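Counting begins at 1 with the first residue of the sequence. Computed from a predicted model, the values in this text were never measured in an experiment.
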Amino acid sequence: MPEPQELERRTTELLRELIRFNTVNPPGNEAPVQEYLRELLERAGFECELLSAVEGRPNQVARLRGRSDGPRLAYLGHVDTVLADPDDWSVDPWSGDLKDGCVWGRGALDMKSQVAAEVAAATALAEEGWRPESGELMLVLTADEEAGATHGAKWLCEQVPDKVRCDLVVNEGGGDHIELGGRRVYGVCVAEKGVFRFTLTTEGRAGHASIPRIGDNALTKMAPILQAMAERQPSLELTPEPEAFLEALGFAVDGDLGPALERVASKDPRVAVLLEPMLGVTLTPTRIRASEKINVIPARAELQVDCRVPPELDEDHARRRIAEVIGDDGYRLEFSETVIGNRSPVESRLMREIEDFIGREDPDATIAPMVLPGFTDSRWFREAFPDCVAYGFCPQRSMDLFEAAPLIHAADERIPVEDLGLAARFFAELAPRLLG
Ligand SMILES: [Zn+2]
């Protein structure tokens, strides 16, 4: 097993290097960083392949084959990032500076840190001569996650599935912890919600704005709709992941989620804010437009709403929940995106290994399965390979979720070096345990 100090040092240095490759998407420009990683992986003994949907934006699949057939374990990560405005930062976002015990820069949390931990752990194992007894260790390093994965994981899973076929995936989306009632709880992301964005249109009749009642104002018809969305969310739904999450936190659910949510809120309202979206359909109005001219009563107004739906539930379900909040007449509704969320089982060999790891590293802590309100590349793998178990997990102990979450996609993104060491230990221990 690689020596922990050395593993932490390697991961830290690698993350600093990765941050120095500007992979802001768009345009992504992932080729140089992929070439750099390919060299590291090949030198350690991996077989690497670069697979591009478009010129200059390769995905990478690296394999360490075992002595016989067996499960394929994939460490998944994306190498692109969102943009960064240097004016908002206290360091250069592409410096990879090391200060105050942290590595700073765009991607330090999302998710070059996990890519660095995965690659550092995998190359350290391979250099020591470790090979899977059976099965295969894969690294799948994707482009284009931050802009919808059209050229990344989605393309890989849909267009070249044989290149990325696997049984177990460890990806982003979990591993942060919260503290509740004096106990650390690490989240394991086992499911992602679906994305059902829609445009809601109200109609009226144009007229001169100096005589309000000469027309029929489509914009003011939005007022009760917005008011309803501000005041309430659709009813909560009991699904397996939040039930298991609440149980892990010590809150029993007796068929009704409302009281459980209230008990969580009374312990720590911040936890309730994060938990609530796991419990049902959410509606967040984000954009509105009406008249093109200030002196014309609008004949039409359009409101855009970002709606997220629990895993496996479809458009009909979303429509019913929307009607619950805003009724079903007086507007037209059209979905612009309908991506159904999916899930992996809560119980699995991979879950037990994660539990054991936390048991060894942080014995008083516990783990809890969770649904991510957002979206990750795991979804494409679950869809392409229905038996594949895909979880988000990259353990973080010294920075908690309430510190880390506001830094993601924001200024001064950074990660404690200690957490890089912890994550690398996780990836270095996991592969030999699952693959022998
Ligand atoms: Zn990410």
Side-chain angles (χ1 to χ4, degrees), residues 148 173-174 187 189-202 222-247 249 251 253-265 269-288 302-346 368-376 378-380 382-383 392 405:
C189 171
V190 301
E192 268 100 10
K193 290 180 82 175
V195 183
F196 287 76
R197 299 189 172 117
F198 62 86
T199 301
L200 194 148
T201 308
T202 50
M222 286 292 182
I225 292 171
L226 282 166
Q227 184 71 22
M229 288 188 194
E231 280 170 0
R232 51 188 183 268
Q233 287 288 337
S235 25
L236 305 177
E237 354 223 351
L238 191 59
T239 50
E241 301 82 17
E243 189 173 14
F245 181 86
L246 282 162
E247 261 162 34
L249 263 57
F251 298 93
V253 181
D254 296 325
D256 192 358
L257 286 163
L261 185 60
E262 274 163 33
R263 287 200 299 279
V264 172
R270 297 175 309 167
V271 177
V273 169
L274 296 175
L275 175 62
E276 199 176 10
M278 286 168 52
L279 306 181
V281 175
T282 56
L283 302 174
T284 308
T286 50
R287 310 175 80 184
I288 192 162
E302 284 183 352
L303 174 70
Q304 293 190 316
V305 181
D306 190 329
C307 169
R308 307 290 177 122
V309 176
E312 291 172 4
L313 298 173
D314 62 5
E315 186 178 321
D316 283 346
H317 186 88
R319 280 185 188 274
R320 279 199 296 278
R321 292 306 190 207
I322 293 163
E324 239 180 64
V325 174
I326 60 171
D328 52 13
D329 52 41
Y331 62 83
R332 241 176 338 107
L333 190 158
E334 205 176 322
F335 285 96
S336 52
E337 277 168 77
T338 53
V339 179
I340 297 179
N342 59 18
R343 56 163 56 96
S344 289
V346 169
M370 46 171 262
V371 185
L372 203 68
F375 198 83
T376 76
S378 298
R379 189 194 173 277
W380 310 113
R382 294 196 197 103
E383 186 174 67

*Which distance, rounded to the nearest 0.5 Å, do you find between the CD1 of Ile326 and the CG of Leu303?*
8.5 Å
_Heavy-atom check, side chain of Glu324 versus side chain of Pro234, under 4.5 Å_ = yes
*Going through the checks in order, is the side chain to side chain contact (heavy atoms under 4.5 Å, CB included) test met by Arg308 and Val195?*
CA-CA 5 Å; Arg308 307 290 177 122; Val195 183; 3.9 Å; yes
_Salt-bridge contact Glu315-Arg319 (side-chain N to carboxylate O under 4.0 Å)_ = yes
*State the CG-CD1 distance between Leu226 and Ile288, to the nearest 0.5 angstrom.*
5.0 Å
*Do you know which of Lys193, Arg379, Arg382, Arg343 makes salt bridge (charged side-chain N to carboxylate O under 4.0 Å, His left out) with Glu312?*
Arg343
*Quick one: closest heavy-atom pair of Met278 and Val371, and the distance?*
CG-O, 3.2 Å
*So how far is it from Ile322 CD1 to Asp328 CG, rounded to the nearest 0.5 Å?*
11.5 Å
*When you measure from the side chain of Arg197 to the backbone N and O of Gln304, does any donor-acceptor pair fall under 3.5 Å?*
no
_Leu283 side chain reached by Phe198 side chain, heavy atoms, under 4.5 Å_ = yes
*Heavy-atom pair of closest approach, residues Leu257 and Glu237*: CD1-O, 3.2 Å
_Nearest atoms (heavy-atom pairs only) where Leu313 meets Val309_ = CB-CG1, 3.6 Å
*Any chance you could lay out the side chain to side chain contact (heavy atoms under 4.5 Å, CB included) test for Leu261 and Glu276, step after step, and finish with the verdict?*
CA-CA 7 Å; Leu261 185 60; Glu276 199 176 10; 4.0 Å; yes
*State, to 0.1 Å, how close Val325 and Ala228 come at their nearest heavy-atom pair, and which atoms those are.*
O-CB, 3.5 Å
_Between CG on residue Asp314 and OG1 on residue Thr338, distance to nearest 0.5 Å_ = 9.5 Å
*Heavy-atom closest contact (Ile340 atom, Phe196 atom, distance)*: CG1-CZ, 3.8 Å
_Distance in Å, Thr199 OG1 paired with Tyr331 OH, rounded so as to fall on 0.5 Å steps_ = 13.5 Å
*asked:* Just verifying a value: how many Å separate Glu337 CD and Cys307 SG, rounded to the nearest 0.5 Å?
replied: 11.0 Å
_Side-chain heavy atoms of Val305 within contact of Leu333, under 4.5 Å_ = no
_Distance-minimising heavy-atom pair for Asn342 and Glu383_ = ND2-N, 3.6 Å
_Glu192 side chain to Thr376 side chain, donor-acceptor N/O pair below 3.5 angstrom_ = yes
